2 protein chains.
Amino acid sequence: MKKVRILAVDDHEMTTLGYKFILEDSDFEGFKVQMDTAKSYEEATKRIEEAAKGIPYDILLLDIQLSNPTDGPAKTGEDLGVFARKVSPDSKIVFMSSFSDNYRINSIMQAVDPEGYMVKTEIDQKSLQAMVNTVLNSPPYYTQKALVAIRKKMAQDISLDENDKKILYHLSIGTKTKDMVKFISLSLPGIENRKRQLKSLFGVEKQNDQALITASRNRGFI
Amino acid sequence: MKKVRILAVDDHEMTTLGYKFILEDSDFEGFKVQMDTAKSYEEATKRIEEAAKGIPYDILLLDIQLSNPTDGPAKTGEDLGVFARKVSPDSKIVFMSSFSDNYRINSIMQAVDPEGYMVKTEIDQKSLQAMVNTVLNSPPYYTQKALVAIRKKMAQDISLDENDKKILYHLSIGTKTKDMVKFISLSLPGIENRKRQLKSLFGVEKQNDQALITASRNRGFI
DNA sequence: ATAAAAACCATAGAATTTATATGGTTTTTC
DNA sequence: GAAAAACCATATAAATTCTATGGTTTTTAT
């Protein structure tokens with residue numbers, strides 16, 4: 001019987017073990033699943049590279065949050081996705097995220113364009129099996145909460161440039177406007193002016209930053 | 001038992017009858033379906049308005065192509081969707097389209113933001129039932145081919161302004177560049193220049209219009 | 001094959017948009 | 001209630017995009 005090879009990456013071993021038990025015990029039509037697991041960015045890249053030299057993985061299940069080594073640059077699941085696309089372009093990539101947070105989904109959809117996106121609270125035996133079948137035969141597979149975020153994004157044509165997105169991001173993490181000049185190559189009045197425009201764009205003219213944050217969140221930008 | 005009221009609009013009566021037979025005979029948990037049908041834009045608006053005065057429809061199934069009366073302005077399913085959102089805001093709207101064509105999906109997602117989108121070749125008893133349940137409980141519901149188009153759009157951050165979209169649209173329907181000045185409020189060199197920029201944006205520099213059309217289609221703009 | 005049409009390109013200058021510098025007022029925060 | 005931050009306004013600078021114009025190359029039709 002044909003073998004489908006899947007690599008699951010998550011720093012919680014229980015999670016990857018769960019995937020392994022469920023999928024290796026499942027009855028698929030015409031194939032059996034063989035799972036490998038990895039617990040860190042480094043281990044994952046090694047395995048993906050190694051496999052790509054011979055038979056690449058059919059599916060990569062990537063957790064978005066990966067704990068990082070104390071030294072070295074912090075690497076996210078998104079980075080891993082970008083890496084995997086490059087070295088193993090035929091592998092299907094599925095993100096397993098704890099959050100259905102809009103900002104992250106948008107960013108991953110653009111940086112990696114994965115074949116699947118599952119929100120962890122929605123993962124169970126049935127959805128895992130459906131995901132494997134769909135991703136192999138006719139991607140994409142998104143769970144319901146991911147779809148809600150995607151729909152939100154699709155429903156509007158507002159597209160912000162990098163500076164606008166940075167401003168919203170920094171607002172959302174509490175950076176003071178006057179400090180943003182350190183991260184964004186604009187003058188302070190430039191940033192203030194863009195904030196004004198964003199407020200107007202989102203229909204919260206003459207209101208404070210909290211209103212802008214709420215509006216951006218509702219519209220799926222952060 | 002609770003009754004869920006659905007209006008199906010399609011100028012092919014066989015289609016709406018099919019929906020009716022399937023859904024009225026289905027066993028749903030906790031409710032029964034009662035279907036009305038309409039064959040034209042006019043009939044549909046009347047029924048929706050009428051219902052909205054009392055108990056609005058729970059779900060509206062709208063065909064995108066509606067044949068039009070010989071006189072009067074041509075009305076599409078999209079127009080009907082916009083109308084329905086206004087007069088019956090609590091109704092869930094689901095589009096039933098013959099095509100999975102990107103341009104149309106994008107446009108409908110922005111103009112109406114429907115709770116569901118089904119490509120007709122993918123509709124069967126099971127998907128209809130799933131659609132009703134999903135749309136009522138946790139929208140959205142999109143069939144696989146709709147998802148493919150949506151994914152394509154999400155995967156890129158390129159957003160074109162109205163003029164760019166008009167240029168691409170007119171290119172796709174064969175309008176000559178020199179004639180576009182009649183439809184687009186730009187000078188001819190202006191249009192030419194935007195075409196150049198679009199080609200560069202889509203990675204088909206120094207190529208002809210056909211290449212631009214193909215690229216835009218691949219990226220889901222037309 | 002060739003004439004006509006359309007597409008394509010380049011550039012100077014006009015118009016528009018967006019940024020900055022500066023200095024002020026209002027709102028928040030402690 | 002004082003200090004900090006946010007907010008606003010305006011003049012000027014910079015950057016972008018448009019138009020007008022005139023040309024070259026490619027496509028189309030006979």
Side-chain angles (χ1 to χ4, degrees), chain A residues 103 106 110 156-222, chain B residues 103 106 110 156-222:
Chain A
Y103 184 80
N106 292 340
Q110 273 157 38
Q156 54 187 36
D157 201 19
I158 298 174
S159 95
L160 308 180
D161 69 10
E162 280 313 306
N163 283 333
D164 288 332
K165 283 188 213 160
K166 277 187 199 162
I167 289 173
L168 290 181
Y169 172 73
H170 276 108
L171 266 183
S172 78
I173 61 172
T175 307
K176 288 171 190 159
T177 302
K178 75 173 185 60
D179 291 330
M180 288 187 192
V181 291
K182 289 180 233 159
F183 308 107
I184 300 168
S185 59
L186 283 175
S187 67
L188 184 56
I191 292 174
E192 287 169 343
N193 192 43
R194 272 168 178 267
K195 274 171 59 180
R196 252 193 303 280
Q197 286 174 228
L198 285 168
K199 284 176 186 175
S200 152
L201 190 65
F202 291 171
V204 290
E205 286 102 332
K206 308 266 172 193
Q207 292 184 252
N208 64 14
D209 287 0
Q210 194 49 53
L212 178 56
I213 292 175
T214 305
S216 326
R217 193 156 280 140
N218 286 341
R219 286 159 178 274
F221 284 107
I222 53 180
Chain B
Y103 184 80
N106 292 340
Q110 273 158 37
Q156 54 187 32
D157 202 20
I158 299 174
S159 94
L160 309 180
D161 69 11
E162 280 312 306
N163 283 332
D164 287 332
K165 283 188 213 160
K166 278 187 199 164
I167 289 172
L168 291 182
Y169 170 73
H170 276 108
L171 266 183
S172 78
I173 61 171
T175 308
K176 289 171 190 160
T177 302
K178 75 173 185 58
D179 292 331
M180 288 187 192
V181 290
K182 290 181 234 159
F183 307 107
I184 300 168
S185 59
L186 283 176
S187 66
L188 185 56
I191 293 174
E192 287 168 345
N193 192 43
R194 272 167 179 267
K195 275 171 59 181
R196 250 194 304 280
Q197 285 175 229
L198 284 169
K199 284 177 187 175
S200 152
L201 191 64
F202 290 172
V204 291
E205 286 103 331
K206 308 266 171 192
Q207 291 184 253
N208 63 15
D209 287 0
Q210 195 50 53
L212 177 55
I213 291 175
T214 305
S216 324
R217 193 157 279 142
N218 287 341
R219 285 158 180 273
F221 285 108
I222 54 179

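Side-chain atoms are counted along with the backbone in the values below, which use heavy atoms only and exclude waters and symmetry mates. So that the names make sense, note that chain A is the first sequence line, chain B the second, and so on, each numbered from 1. None of these values were measured; they are calculated from a predicted model.
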- Message: Evaluate A/I167 against A/H170 for side-chain contact (heavy atoms from CB on, under 4.5 Å), listing each step before the verdict.
- Response: CA-CA 5 Å; A/I167 289 173; A/H170 276 108; over 6 Å; no
- Task: Begin with the C-alpha distance, continue with both residues' side-chain angles, and end with the deciding distance and a verdict on side-chain contact (heavy atoms from CB on, under 4.5 Å) for B/L201 and B/L160.
- Result: CA-CA 10 Å; B/L201 191 64; B/L160 309 180; 3.9 Å; yes
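When the C1' atom of D/dA9 is taken as reference, atom NZ of A/K206 falls 11 Å away, rounded to whole Å.
Separation of atoms CG (A/L198) and CG (A/N163) is listed at 10.5 Å; rounding is to 0.5 Å. Atom CD of A/E205 and atom CD of A/Q207 lie 8.5 Å apart (nearest 0.5 Å).
When side chains are defined from C-beta on, A/T177 counts as touching A/D209, because their heavy atoms get closer than 4.5 Å.
At a non-hydrogen distance threshold of 4.0 Å, B/K176, B/T177, B/K178, B/E192, B/K195, B/R196 from residues 174-196 of chain B come into contact with DNA chain C.
Each ring pair (Phe, Tyr, Trp, His ring centres under 6.0 Å) pair with one or both residues in residues 188-215 of chain B, not counting sequence neighbours, appears once here: B/F202-B/F221.
Contact check on B/K176 versus B/D179 returns no salt bridge, with no Lys/Arg side-chain nitrogen under 4.0 Å from an Asp/Glu carboxylate oxygen. A salt bridge is absent between A/E192 and A/K195: the closest approach of a Lys/Arg side-chain nitrogen to an acidic carboxylate oxygen does not fall below 4.0 angstrom.
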Detail all sub-3.5 Å separations between protein N/O atoms and N/O atoms belonging to nucleotides 28-30 of chain D.
none

- Message: Both atom distances under 3.5 Å, Watson-Crick or G-U wobble: I'd like the secondary structure of DNA chain C as a dot-bracket string, with | for pairs made across strands.
- Response: ||||||||||||||||||||||||||||||
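Close approach of DNA chain C to chain B, defined as any atom under 4.0 Å from a non-hydrogen atom of the protein, starts and stops at C/dA6 to C/dC9.
B/S216 places a side-chain N or O within donor-acceptor distance of the main-chain N or O of B/L212, the cut-off being under 3.5 Å. Without hydrogens or angle criteria, B/T214 side chain to B/Q210 main chain gives a donor-acceptor distance under 3.5 Å.
For B/R194, the salt bridge (charged side-chain N to carboxylate O under 4.0 Å, His left out) partners are B/D161, B/D164, not counting sequence neighbours.
Residues A/T175 and A/M180 come closest through the heavy atom pair O-CE, 3.7 Å.
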